[in-house]
Amino acid sequence: MSTLRFYAVKESLNRPPVQIEENERRSEIFGRNVFNETAMRQYLTQDSFRSVMDAIEKGTKIDRNLADHISTGMKEWAISRGATHYTHWFQPLTGATAEKHDAFFQTLENGHAIEKFGGTQLVQQEPDASSFPSGGIRNTFETRGYTAWDPTSPAFIYGTTLCIPTVFVSYTGEALDYKTPLLRSLQAVDQAATEVAKYFDKNVTKVNTTLGWEQEYFLVDSAMAASRPDITLAGRTLLGHTAAKGQQLDDHYFGSIPSRVLNYMRHLERECLLLGIPVKTRHNEVAPSQYELAPIFEETNLAVDHNSLLMDLMQKIAEKHHFKVLFHEKPFAGVNGSGKHNNWSLVTNTGVNLLSPSSTPTKNLQFLTFFINTIKAVNEYESLLRASIASAGNDYRLGANEAPPAIMSIFVGTQLTQVLDELEKVAPGKLTPQEKTDLKLNVVGKIPEILLDNTDRNRTSPFAFTGNKFEFRAVGSTANCANPITVLNTIVAKQLRDFKTRVDYLRKENKMKKDDAIFNVLREYIKDSKRIRFEGDGYGEAWEIEAKKRGLSNFKNTPEALRAKVDKKAVELFEKMKILSRVEIEARHAIELEEYTMRVQIEGRILGDIARNHIIPTAIQYQNILLDNVQGLKNIYGPDFKQYGTEQMLLIEEISKHIASINKAITEMIEARKVANRITDLEDKAFAYCNAVKPFFDVIRYHCDKLELLVDDELWPMTKYRELLFLK
Ligand code: ADP
Ligand code: MG
């Protein structure tokens with residue numbers, strides 16, 4: 001066994017349990033490190049408090065003078081809780097969160113020092129942002145990037161640093177982060193959905209979207225993770241034969257959580273609660289060493305911030321427990337990968353979930369309106385939605401018979417399908433009073449009872465209605481939720497806007513009553529968007545064929561999928577809804593293509609190195625042992641040695657063949673990489689990496705994994721799957 005592997009296994013077996021303190025009630029510590037309403041009431045003047053609340057509730061601007069008061073209050077609160085530094089916390093397009101800490105501390109001319117944090121520091125900062133991806137925006141416009149305070153997400157203390165959630169924009173106002181377009185999309189949904197909700201309730205003045213994510217992840221011992229260059233550098237294994245036991249017994253899912261892992265989870269949950277992340281569920285997932293953490297859903301902007309913060313926190317806490325968290329969508333071959341289900345709904349300022357059926361026919365017509373409009377929106381923009389979840393990692397998951405396919409479709413369940421079918425049958429035009437009563441009582445009015453026993457949950461659907469929300473399941477585990485949710489918000493906003501225009505038209509031009517007009521438009525929409533509804537097995541090959549007939553897209557790799565983000569339809573949508581300008585769209589596309597290319601490039605290099613520097617030398621070492629053995633047999637038995645040495649000689653040959661195949665594939669892969677690197681067009685380059693470089697990964701891996709089965713376990717240099725996944 002190589003020293004590193006030996007050390008890793010030994011370390012992980014000898015880990016003492018990490019004791020954690022947990023003596024407070026969860027409700028007591030919740031939000032203790034957040035500058036929330038309670039803290040603001042205590043530390044802010046009445047005026048300052050009101051102005052922050054108005055900014056949160058109504059989106060009003062905060063007066064510059066008040067910002068000075070707010071910053072002072074915020075600083076006092078933060079210092080009282082042990083903070084020494086502050087930072088603008090933002091989510092650049094690298095996928096990680098960014099922060100640059102500054103001390104509150106400032107020296108005075110008289111040699112003394114004070115703690116200072118003014119309104120200016122709160123409201124705007126100019127981080128040295130030149131190395132964040134901008135897709136060329138800052139090169140063409142201005143080199144500077146600004147962070148600006150987002151009062152709708154409360155400041156929090158992380159370690160000893162006061163973190164102020166901010167947007168990150170270029171000098172000329174282009175978004176350079178995930179949050180800016182998300183906030184724009186929230187505004188678009190608010191406007192469009194409020195208008196439509198007013199058909200049913202005049203008191204509605206604001207509509208928000210809610211998000212409840214479910215984060216899947218793998219936990220491996222940190223020493224074992226460190227023993228593998230692929231995990232260290234790429235966050236996943238690039239080779240490794242599957243263990244004799246995988247997930248076939250289904251004994252991990254919801255099974256008892258190992259105590260070392262449980263300690264980690266409890267520690268993590270405590271830290272989450274302090275930061276106001278309302279974590280609720282934890283359980284084992286399907287694959288060995290795979291787990292899930294889910295919070296109670298929240299308003300979307302906050303939920304997105306909380307997920308980004310959580311991912312950072314998870315890794316930090318894991319270090320204390322000698323674990324490494326693998327967020328990658330496919331860290332291990334042969335067992336399930338990880339996703340991040342995004343549960344999404346719409347909620348009014350009056351507290352009504354617009355996607356929740358209720359007990360009155362009027363409320364249910366409201367439910368159907370939002371339900372059907374969402375279906376229509378997804379139908380119109382299915383390829384854009386697919387593009388919103390495209391990444392090098394997610395390519396390994398989508399369509400891999402364990403995760404949703406790369407085809408977007410919606411599952412609504414048998415009962416709601418029946419309701420939609422009934423509605424579709426209604427004759428166009430005005431409804432007679434009898435028809436309307438019938439419809440309201442027998443179709444619309446029946447929905448709540450129907451849903452109670454609508455428990456058939458189709459796990460193979462990428463986008464499913466689950467009782468009172470839609471669940472977007474195709475999102476990858478490393479994704480920033482803002483990316484898919486911005487698209488979802490935008491297409492639904494656009495759809496609701498169109499709906500309103502159409503209903504108002506029918507009321508005005510065809511003199512229809514409001515309900516008649518709504519029924520008519522919904523019926524049209526049900527007809528128009530039938531192709532997106534699919535209740536069957538999304539993993540089956542039959543669905544691929546059927547989906548193709550229906551004209552649904554099925555993009556299996558990222559460069560292909562991403563095209564839908566920059567096509568005419570997408571640009572029109574984003575510009576019209578004021579979410580992203582053409583410049584911003586193209587910049588993002590460039591960043592995503594580059595990111596894809598770099599990931600494949602890095603993985604190719606790592607795999608080549610491991611195969612040539614670790615695997616082949618080990619295989620030769622073992623082959624030499626076999627050669628010695630054969631030589632020895634020959635010395636003793638002379639010409640008769642074959643009787644005893646045949647198997648060894650076959651092994652020697654087999655090893656040589658695998659070595660040759662690996663070497664050949666690596667040489668060809670390097671050539672393909674050289675060709676790809678000469679391409680200047682970003683899209684062509686990404687395609688070259690996808691189609692000409694990546695295919696070698698499977699070939700190289702195949703032969704390395706075969707060697708793993710042949711070579712003496714004592715010699716094998718790489719920590720094995722059975723150790724990574726099963727030792728704890
Ligand atoms: P699953 O069966 O997919 O694991 P769970 O019950 O574990 O489903 O998760 C449901 C998720 O949906 C939770 O994260 C929860 O916060 C979220 N959720 C519930 N209601 C809403 C809602 N109205 N809006 C957004 N998310 C919601
Ligand atoms: Mg789920």
Side-chain angles (χ1 to χ4, degrees), residues 90-98 127-146 167-182 184-185 381 383-395 476 478-480 482-484 486-487 490 555 557-575 577-604 673 675-694:
F90 57 104
Q91 297 165 56
L93 297 167
T94 49
T97 53
D128 175 18
S130 50
S131 29
F132 291 113
S134 78
I137 283 183
R138 281 198 315 273
N139 305 342
T140 18
F141 291 83
E142 245 290 346
T143 50
R144 277 179 291 175
Y146 284 102
V167 295
F168 180 39
V169 292
S170 77
Y171 183 65
T172 35
E174 280 83 15
L176 297 172
D177 64 351
Y178 285 112
K179 191 191 264 270
T180 307
L182 176 71
R184 292 177 187 156
S185 78
Y381 291 99
S383 59
L384 183 59
L385 208 55
R386 161 69 181 99
S388 77
I389 49 153
S391 72
N394 218 12
D395 281 359
T478 57
N480 184 311
N483 204 356
T486 299
V487 169
T490 306
F555 298 123
N557 62 59
T558 297
E560 248 180 59
L562 285 180
R563 279 182 172 160
K565 268 195 177 178
V566 282
D567 66 15
K568 195 161 161 272
K569 196 172 167 183
V571 175
E572 260 174 33
L573 169 79
F574 286 129
E575 289 199 325
M577 302 305 292
K578 298 196 167 49
I579 310 298
L580 292 166
S581 67
R582 179 183 285 275
V583 173
E584 290 171 318
I585 295 166
E586 283 170 1
R588 264 152 221 264
H589 187 232
I591 291 168
E592 288 182 293
L593 286 172
E594 270 186 312
E595 152 118 23
Y596 177 84
T597 299
M598 281 185 293
R599 295 236 175 247
V600 181
Q601 187 180 59
I602 291 167
E603 290 193 349
R673 235 160 46 208
V675 174
N677 289 344
R678 282 196 289 271
I679 302 173
T680 46
D681 180 83
L682 293 179
E683 190 177 57
D684 293 346
K685 193 170 179 166
F687 271 114
Y689 267 93
C690 177
N691 298 326
V693 177
K694 215 177 92 181

Rounded to the nearest 0.5 Å, what's the gap from OG1 on T97 to CG on D177? Could you check? 12.5 Å
Going by the rule side-chain contact (heavy atoms from CB on, under 4.5 Å), which residues pair with T558 if we only count those two or more places apart in sequence or in a different chain? A390, D395, L562, Y596
Rounded to the nearest 0.5 Å, the CG atom of L573 sits from the NZ atom of K565 at a distance of 12.5 Å
State whether K568 and E572 are salt-bridged, where the test is any N-O pair (Lys NZ or Arg NE/NH1/NH2 against Asp/Glu carboxylate O) under 4.0 Å. yes
How long is the span from the CG atom in L176 to the CG atom in L93, to the nearest 0.5 Å? 7.0 Å
Rounding to 0.5 Å, atoms CZ (R588) and CD (E592) come to a distance of 8.5 Å
Going by side-chain contact (heavy atoms from CB on, under 4.5 Å), name the residues that satisfy it together with V571, two or more places apart in sequence or in a different chain. E575, R582, I585
Could you pull out every donor-acceptor pair under 3.5 Å between side chains of residues 679-688 and any protein atom, sequence neighbours left out?
| from | atom 1 | to | atom 2 | distance (Å) |
| --- | --- | --- | --- | --- |
| D681 | OD2 | E683 | N | 3.1 |
| D681 | OD2 | D684 | N | 2.8 |
| E683 | OE2 | R563 | NE | 3.3 |

For a 4.5 angstrom cut-off between non-hydrogen side-chain atoms, does F574 reach T490? yes
So do R184 and T486 actually touch side chain to side chain, heavy atoms under 4.5 Å? no
Take atom NZ of K578 as the centre, draw a 6.0 Å sphere, and report whether it contains more than 12 heavy atoms from other residues, nucleotides or ligands. no
Identify the residue among E603, E595, Q601 that makes a side chain to side chain donor-acceptor pair (under 3.5 Å) with R599. E595
Has K179 got its NZ or CZ under 6.0 Å from the middle of the six-membered ring of F90, at an angle within 45 degrees of the ring axis? no
Between S391 and N394, do the side chains contain a donor N or O and an acceptor N or O under 3.5 Å apart? no
Smallest separation among heavy atoms of S383 and F555, with atom names: CB-CE1, 4.2 Å
So V487 and P484, do their side chains get closer than 4.5 Å, heavy atoms only? no
Heavy-atom closest contact (P559 atom, N557 atom, distance): CD-OD1, 3.3 Å
